[in-house]
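Hydrogens, waters and symmetry mates are skipped; everything else that's a heavy atom, side chains included, is used. This is a predicted model, so every value here is computed, not measured. All chains are named by letter (A, B, ...) in the order of the sequence lines, taking the proteins before the strands, and each is independently numbered beginning at 1.
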Protein chains: 2
Amino acid sequence: MTAQGDPTPGTVRPGGRTARTRLAVRDAVLTGLAEHGYPGLTVEYVAERSGVHKTTVYRRWGSVEGLVADALDLAGEDTWTPPDTGSLEGDLRALAREVTETFGSASAAAAPTAFVAAAFQSDRAAEALRAFYTERFARCESVVRRAVERDEAPPGTDAGAVVRAVSAPLFFRALVTREPIDVPLADQTAAAVAVAVRAGAYLPARR
Amino acid sequence: MTAQGDPTPGTVRPGGRTARTRLAVRDAVLTGLAEHGYPGLTVEYVAERSGVHKTTVYRRWGSVEGLVADALDLAGEDTWTPPDTGSLEGDLRALAREVTETFGSASAAAAPTAFVAAAFQSDRAAEALRAFYTERFARCESVVRRAVERDEAPPGTDAGAVVRAVSAPLFFRALVTREPIDVPLADQTAAAVAVAVRAGAYLPARR
DNA sequence: CTCCAAATACAACTACAGTTGCATTACCCT
DNA sequence: AGGGTAATGCAACTGTAGTTGTATTTGGAG
């Protein structure tokens with residue numbers, strides 16, 4: 001999960017100017033994504049905006065994809081926890097609505113969209129994205145765990161499959177087919193998955 | 001759906017050398033994608049491989065994204081029809097397995113993956129991708145229509161939502177999180193959606 | 001406080017993607 | 001068949017992304 005741009009392990013200088021530079025660059029990356037989108041983000045822009053010389057940016061991050069991958073590593077280090085509404089369908093609906101909100105406004109969608117775009121360009125960004133979602137979905141599995149405890153879902157339900165089934169149709173429309181997504185669609189998706197869970201369609205024995 | 005690379009409407013020269021050039025270039029694009037992947041595909045490679053001068057490629061297609069968008073337009077002009085196995089779950093399972101097959105081998109996945117990647121880079125490719133999937137999913141809706149006729153699905157079922165719900169989790173894992181997808185996963189996804197359909201979770205009244 | 005190593009700044013350079021003006025070729029129409 | 005026009009080929013050019021070698025600055029350790 002550690003960014004490749006980090007000083008090599010065991011370095012003597014973890015803080016100070018290096019840390020300031022990194023933060024300034026990360027800030028410039030997010031600003032640039034919001035303003036020009038991923039295709040318009042250039043190393044030169046980040047260098048100018050952050051006040052860090054472009055040589056330094058190239059040496060530590062290597063490319064635009066490296067910059068985005070580093071920003072993605074940072075995004076994974078938050079304290080987000082899945083919703084807890086007291087019912088399976090309520091939790092799934094809240095999860096789906098969060099996706100809808102993220103991709104509802106262009107400014108909020110800029111960074112997540114860029115993360116996916118960068119993953120198509122470089123293996124490092126792809127790995128960072130994979131790690132991000134692995135960790136994020138692992139957090140979400142508590143939703144299913146609680147549902148099992150409430151007898152809303154059969155024991156052994158494949159929690160990972162459930163949380164992916166709720167998110168995927170919305171991600172797919174937002175990122176691949178560019179169809180509009182809204183709250184009713186999120187609710188429909190959550191309801192459908194909740195029905196399937198209760199029916200035992202996500203028991204891993206079926207795989 | 002007409003490619004931007006086409007001669008302007010009403011042109012006097014729809015066939016002949018122009019058509020040969022276009023086919024040679026399209027072929028080179030697909031070969032290049034399979035060999036080097038999207039990030040490694042360059043206009044210069046396509047020019048050399050196709051025997052068409054790079055100036056011509058730049059003039060007619062404009063960029064790598066234009067080349068990919070044109071190839072995508074071509075891909076949409078096929079005679080593919082959705083499976084007809086005689087049951088809803090069978091049809092959904094067959095659809096899901098097709099997705100699995102597409103992204104199962106690196107060579108088969110190269111073009112579809114590139115289409116999505118290009119859509120993040122240029123609006124023209126994004127529009128071509130949107131058109132492709134809109135048309136493709138419209139064809140798939142016959143699966144749901146037949147299920148309604150067989151009383152396997154309630155009348156008024158949102159066919160578009162159903163076919164997207166079957167495909168999306170597989171696309172999402174293949175393209176975004178880069179998780180492995182296999183036949184059991186396809187079957188699980190299809191079974192879950194079939195259960196939800198039968199329970200009436202995809203009635204558009206819920207939106 | 002001073003010294004040392006790491007990180008950054010600077011400037012010049014390289015390479016290649018993409019452009020432009022013009023010559024040439026090939027196709028369609030009469 | 002042959003003339004006109006669209007499309008392609010060609011070669012030289014431009015701009016900029018990315019590189020390299022070196023000087024300078026910074027921050028921590030003793």
**OP:** To the nearest Å, give me how far apart CH2 (B:Trp61) and C1' (C:dA17) are.
**Re:** 18 Å

Original post:
Separation of A:Glu48 atom CD from C:dC10 atom C1', in whole Å?
Top reply: 16 Å

**OP:** Check whether any side-chain nitrogen or oxygen of B:Thr18 sits under 4.0 Å from OP1 or OP2 of D:dA6, and answer yes or no.
**Re:** no

Original post:
Has the side chain of B:Arg150 got a donor or acceptor atom that lies under 3.5 Å from a matching backbone atom of B:Gly86?
Top reply: yes

**OP:** Between C:dA9, C:dC27, D:dG9, spot the one nearest the side chain of B:Arg20, thanks.
**Re:** C:dC27

Original post:
What nucleic acid atoms does B:Thr21 come within less than 4.0 Å of, heavy atoms only: base, sugar-phosphate, or nothing?
Top reply: sugar-phosphate

Subject >> Candidate nucleotides D:dA7, C:dA7, D:dC10, ranked by approach to the side chain of B:His53 - the nearest >> reply: D:dC10

**OP:** Determine: side-chain N/O of A:Thr56 to OP1/OP2 of C:dA7, distance under 4.0 Å, yes or no.
**Re:** no

Subject >> Side chains of A:Tyr38 and A:Glu65, donor plus acceptor under 3.5 Å >> reply: yes

**OP:** Applying side chain to side chain contact (heavy atoms under 4.5 Å, CB included), run through A:Arg22 and A:Trp61 and close with a yes or a no.
**Re:** CA-CA 10 Å; A:Arg22 190 171 184 186; A:Trp61 286 273; 3.9 Å; yes

Original post:
Do the charged groups of A:Asp27 and A:Arg49 touch, with an N to O distance under 4.0 Å?
Top reply: no

Original post:
Between A:Arg130 and A:Thr134, do the side chains contain an N or O donor and an N or O acceptor separated by less than 3.5 Å?
Top reply: yes

Original post:
Hey, does the side-chain of A:Arg60 have a donor or acceptor N/O within less than 3.5 Å of a partner on the base of C:dT8?
Top reply: no

**OP:** Classify every nucleotide of nucleotides 18-23 of chain C by which part a protein heavy atom approaches to under 4.0 Å, writing B for the base, S for the sugar-phosphate alone and - for neither, in 5'-to-3' order.
**Re:** BBBB--

Subject >> Exercise: do B:Glu179 and A:Tyr133 side chains pair donor with acceptor under 3.5 Å >> reply: no

